[in-house]
Amino acid sequence: MTTAPDLRRPVPPLAEPRPVKLPSVAERTLDNGLRVLAVRRPGVPLAEVRLRIPFAGPTGRGGRAHTAQAQLLGDTLLAGTDLRTAAQLAADVQALGGQISASTDADRLGFGGSVLVSGLPGLLEVLAEVLTSASYPKREVVGERDRLVQELAIYRSQPAVVAREALMLRLYGEHPYGRELPTAQEVADVKASQLRALHGKRIAPAGSVLTIVGDLTPARAIGLVEKAMAGWTATTRAATTPPLPEAPRGPALLVDRPGAVQTTLRMAGPAPSRTDPDSAAFGLVNLVFGGYFSSRWVANIREDKGYTYSPHAQVEHPPAGSRVTVAADVSTPTTAPALLETLYELGRVATLPVTQAELDQARRYAIGTLAMSTSTQAGLASTLSQLAGAGLGVEWLRDHPVRLAAVTVEDALEAGARYLAPAALTTVLVGDVAQVEAPLRALLDLELG
Amino acid sequence: MPAATRKAPAPRRAAAKPAAAASPSYAVERTSLANGLRVVVSPDPSSPVVAVAVYYDVGMRSEPEGRTGFAHLFEHLMFQGSASLGKTEHFTYVQGNGGTLNGSTHVDYTNYYEVMPSAATELALFLEADRMRSVAVTQDNLDNQIAVVQNEIRVNVLNRPYGGFPWLKVPPLLFADFANSHNGYGDFVDLESSTLDDAQGFFDRYYAPGNAVLSVAGDVDPQQVFVWAEQHFGDIPARDVPVRPSFSEPLPTEQRRAVEHDELAPAPAVAMAWRVPDPADLSTYLPYVVLAEVLTDGDASRLQERMLLEDRSATSISGYLGLLGDPLDARDPTPFLLEVHHPQETPVDTVLATVEQEIARLAADGLTAAELERTVARMTARYLREVDSVLGRATTMAVFEQQRDRAELMNELPDLLRSVTAEAVQAAAATLTPQTCTVLELRPGKAS
């Protein structure tokens, strides 16, 4: 298409930004030890509810049994209480204009829910009932167990899951982070009595945090929680995630997926935690590398070369240690060239300074999207709950932009060298070995798995 | 056979009362420019953020034969530069000022949006105006985006189990006309043969200002938005607005059934599809939207309770209106879809018979007021949650304004859902008969 030059227009400047108001968070620890955070956020007549309960398992074989039990516990927590069947629970929550779900990972058991604000008392009552009298009926446990086995098979047929499992195992070995998913056999071995025992041992108010954001005053929200949760008096030992092993060194792992039309490329390594002094600088250098669309890596392997659709470099903050993951699904014939460009871009941010313009652009993105993530009830509730899980309060939302503002090009280089150097990352590829192995061997030491 | 035959443990707490009614009351203001561009604005000063969305009234259905996937490819090209913006600059202006952005291609429309700090509202309007005035695509950029789209199709369809099931696989069976039945992601041969002339022709024909709606929600003054809209979009010359053809086609009169083999899938699945009434008339269409939830939303829904909790004849069930799962953004003809994943041990005919039985039971016995109320209560809450975000509001207004000339439906939808009667849901269920059902079985493994 041709464009007449007289169609060019000057790009308008930005208006003076309006300051982002820090949400006002009310907090109370109840007599039973449950910490409650509440924020009034009008807008729509809803309330968002998040509950985090520490739920870590041990390292090794016991940890694997825990992972299977924890997964099934999350799937059957809402399958009945002493007072209601699964279908009654579901119908009652639905009638409140509510939804609730439970899930577990290697660190915590989480409940997430939302409800018409008029239904919040009822939702909290259901939640308390589940926490104090989930009954794990044998029939439901067996049914969910069989379903989980089927779903795991479906899940594991996805190349992204195959790659993630291989990557986590390589990074963390027998640590609980090394095996996020149970095997079919580990699930089949779980008994309803074990779930009841695990519930009794781990689900307790002390150490847990309940966050409510919605169209009601914090005093009312906290009062409702206090009333609903008064009967939750279980006590337990705190369960914290074991420390991570040293990051491994070794050749890249290539997992065969015969006939695959793409190779699933993943590289990962340790990253600074939210409270680490390197955190802000690392966040920015990661953005410049590949953490958002306007990054070097996306410009290179997508917008210049068309090797892939959605490359991204993502930072996660599980409590035992943060992690950066570099992920791209690249067409099979371009696998080695895509890895070459990836190593090049990683090497660049690890050895050469980014430009001031690149840094400033990433900084504005980081600050802007942080503010945006708290502009809805649901976003604010999730953000506050995650921060609480990391032992941080709402002031992090105020202080982190200040830290981002202070990052220099030198800081970014230092963080890039420490965390994004190709030598610091563990690499896994899932693809058609027959087609990709030989070209990949030109670039790196490879082990077939 | 009644489903809820398990014994309830005693004592049973009284069932919760259905939650009180709730409707949003967002302000909506509108104008239209001399070139035909329609503008809707919903101001809300509560957070310093804004969403800007532009909806073009062209989607996958309008692709010509031999150019499957072109509407989506063209969506990619809209990010490749315009008179004032080089390649990638659209992204850097948005993200580099603290925003996020995307575009998406649907059956009946294509949208583009930015969510930004409200201080960048004029910038977002400028960026949208510049590409509406003067999208600029080079051969290199076209070739590059064909490769990117092919990788998108690989990651979402070809390299994964259940890829494109059922949204790409059901239309060829359910529909007869090319417009409705073809693969909207695109055939690789068609994509590779796309030219710059195709792109210019598609732009000239469908991306006229009169064929678009600009929707803005968030921390803005509507009058100021109208001024900026005039300033940045006002001098884009008016062009003929294409008359949208009727894509309607006769209803199926007999069951259509086919088998799809998926080498990557470890377990079977089945999709059931029925044509539903024209969404243009909400009074006859919304009962189907409610019906989908009565059947499949949560453990207390008819099919989930029966098949996931009781029989264990399925591992997951979802039901929705529209190929892409949004009931209120598709025009006629459009399906009601059920997607059931089931264990290998459960024969697909058992799955089909169970679904038919539950639908027949609903059609014969109806549903109680309480079942309808709780279903609508959660639908309302889910909808409110969606419009709590400025982006949810901008996109909801845009599609209602474009397809129904009424952005205010954003506020009216909860009341419309509450006005759906049990009788209407029952009558809708009665039309979902085995004789008018299209069934696509997905079998794991190679075709034998």
Side-chain angles (χ1 to χ4, degrees), chain A residues 1 3 7-9 11-12 14-18 20 43-46 83-88 90-92 94-97 99 114 116 118-119 122 143 147 150-151 153-154 157-159 260-262 292-294 299 302-303 306 308-309 329 331 361 364-365 367-369 372 375-378, chain B residues 6 8 13 15-16 18-20 22 24 46-49 83-84 88 91-92 95-100 115 117-120 122-123 126 133-134 136-137 144 147-148 151-152 154-155 158-161 196 200 264 266-267 298-300 305 309 312 315 343 374 377-378 380-381 384-385 388-389:
Chain A
M1 273 180 263
T3 302
L7 292 179
R8 292 171 62 94
R9 306 288 160 92
V11 178
L14 265 55
E16 189 61 32
R18 264 187 54 204
V20 179
V44 289
L46 299 177
L83 304 176
R84 301 183 232 216
T85 63
Q88 285 163 357
D92 290 349
Q94 192 178 29
L96 300 165
Q99 55 92 12
S114 67
L116 291 172
S118 57
R147 185 152 79 104
Q150 299 266 349
E151 292 202 319
I154 289 177
S157 66
Q158 299 170 28
V261 296
Q262 279 180 327
Y292 68 154
F293 198 95
S294 305
R302 175 182 150 133
E303 291 294 288
T308 182
Y309 170 60
D329 298 76
S331 66
Q361 180 180 298
R364 288 192 296 268
Y365 177 77
I367 293 171
T369 50
M372 220 170 270
S375 69
T376 60
Q377 293 171 343
Chain B
R6 264 173 313 151
R13 285 200 184 168
S46 64
S47 282
V49 295
S84 316
T88 74
F91 291 98
T92 53
Q95 295 190 315
N97 286 299
T100 59
V115 183
S118 50
E122 188 186 1
L123 173 66
F126 170 86
R133 176 186 299 108
S134 59
V137 186
N144 167 247
V148 169
N151 271 314
E152 179 178 350
R154 287 187 189 104
V155 76
L158 303 175
N159 199 39
R160 68 187 304 162
L196 288 179
Q200 188 68 56
L264 302 178
D299 280 354
E305 184 174 359
L309 296 179
R312 304 282 172 184
T315 47
R374 67 173 159 84
R378 177 146 68 206
T380 303
L384 291 170
R385 201 168 187 237
D388 185 37
S389 79

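Chain A is the first sequence line, chain B the second, and so forth, proteins listed ahead of strands; every chain is numbered from 1.
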Participant: Any non-hydrogen side-chain atom of Leu264(B) less than 4.5 Å from a side-chain atom of Ser157(A)?
Facilitator: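 No, too far: nothing below the 4.5 Å cut-off.
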Participant: Taking Glu151(A), Gln158(A), Arg364(A) one by one, which has the highest count of heavy-atom pairs under 4.5 Å against chain B?
Facilitator: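 Most heavy-atom pairs within the cutoff with chain B belong to Arg364(A).
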Participant: Tell me which of these, Pro161(B), Ala120(B), Gly99(B), has more heavy-atom pairs under 4.5 Å with chain A than the rest.
Facilitator: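 The option with the most such pairs is Pro161(B).
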Participant: Heavy-atom cut-off 4.5 Å, strictly under: side chain, backbone, both or neither for Ala91(A) against chain B?
Facilitator: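 Backbone plus side chain of Ala91(A), per the 4.5 Å heavy-atom cut-off to chain B.
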Participant: With a 4.5 angstrom heavy-atom cut-off, could you sort out which part of Leu46(A) is near chain B: side chain, backbone, both or neither?
Facilitator: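 Leu46(A) touches chain B through side-chain heavy atoms alone.
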Participant: With chain B as the partner, which of Met372(A), Arg9(A), Arg302(A), Glu16(A) has the greatest number of non-hydrogen pairs under 4.5 Å?
Facilitator: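 Most pairs with chain B among the choices: Arg9(A).
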Participant: Applying ring-ring contact (aromatic ring centres under 6.0 Å, His included), can you list everything that pairs with Tyr292(A), at least two apart in sequence or on another chain?
Facilitator: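 Checked Tyr292(A) against ring-ring contact (aromatic ring centres under 6.0 Å, His included); matches are Tyr365(A).
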Participant: Can a side-chain donor-acceptor contact be found between Gln95(B) and Ser294(A) if the only test is distance below 3.5 angstrom?
Facilitator: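 Yes, a side-chain donor-acceptor pair sits under 3.5 Å.
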Participant: Which answer fits Pro24(B), side chain, backbone, both or neither, if we ask what part of it has an atom under 4.5 Å from a heavy atom of chain A?
Facilitator: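 Neither part.
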Participant: Under a 4.5 Å heavy-atom cut-off, does chain B meet the side chain of Gln99(A), its backbone, both or neither?
Facilitator: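 Looking at Gln99(A), backbone and side chain both touch chain B.
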Participant: Out of Asp299(B), Val155(B), Thr100(B), return the one with the most heavy atom pairs under 4.5 angstrom to chain A.
Facilitator: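 Counting heavy-atom pairs under 4.5 Å, the top option is Val155(B).
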Participant: Between Gly143(A), Pro17(A), Ala153(A), Pro45(A), who has the most heavy-atom pairs with chain B when the cutoff is under 4.5 Å?
Facilitator: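 Greatest number of close heavy-atom pairs with chain B: Gly143(A).
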Participant: Please look at Ser114(A) and chain B and tell me whether the side chain, the backbone, both or neither of the residue comes under 4.5 angstrom of a heavy atom of that chain.
Facilitator: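 For Ser114(A), the side chain is the part near chain B, not the backbone.
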Participant: Between Thr308(A), Val20(A), Asp329(A), Thr369(A), who has the most heavy-atom pairs with chain B when the cutoff is under 4.5 Å?
Facilitator: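 Most heavy-atom pairs within the cutoff with chain B belong to Thr308(A).
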Participant: Got a sec, which residues hit salt bridge (Lys or Arg N to Asp or Glu O under 4.0 Å) with Arg154(B), two or more places apart in sequence or on another chain?
Facilitator: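 Result, salt bridge (Lys or Arg N to Asp or Glu O under 4.0 Å) vs Arg154(B): none returned.
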Participant: If you tally heavy-atom pairs under 4.5 Å against chain B, which of Gly43(A), Ala299(A), Gly368(A) wins?
Facilitator: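 Among Gly43(A), Ala299(A), Gly368(A), the one with the most close pairs to chain B is Gly368(A).
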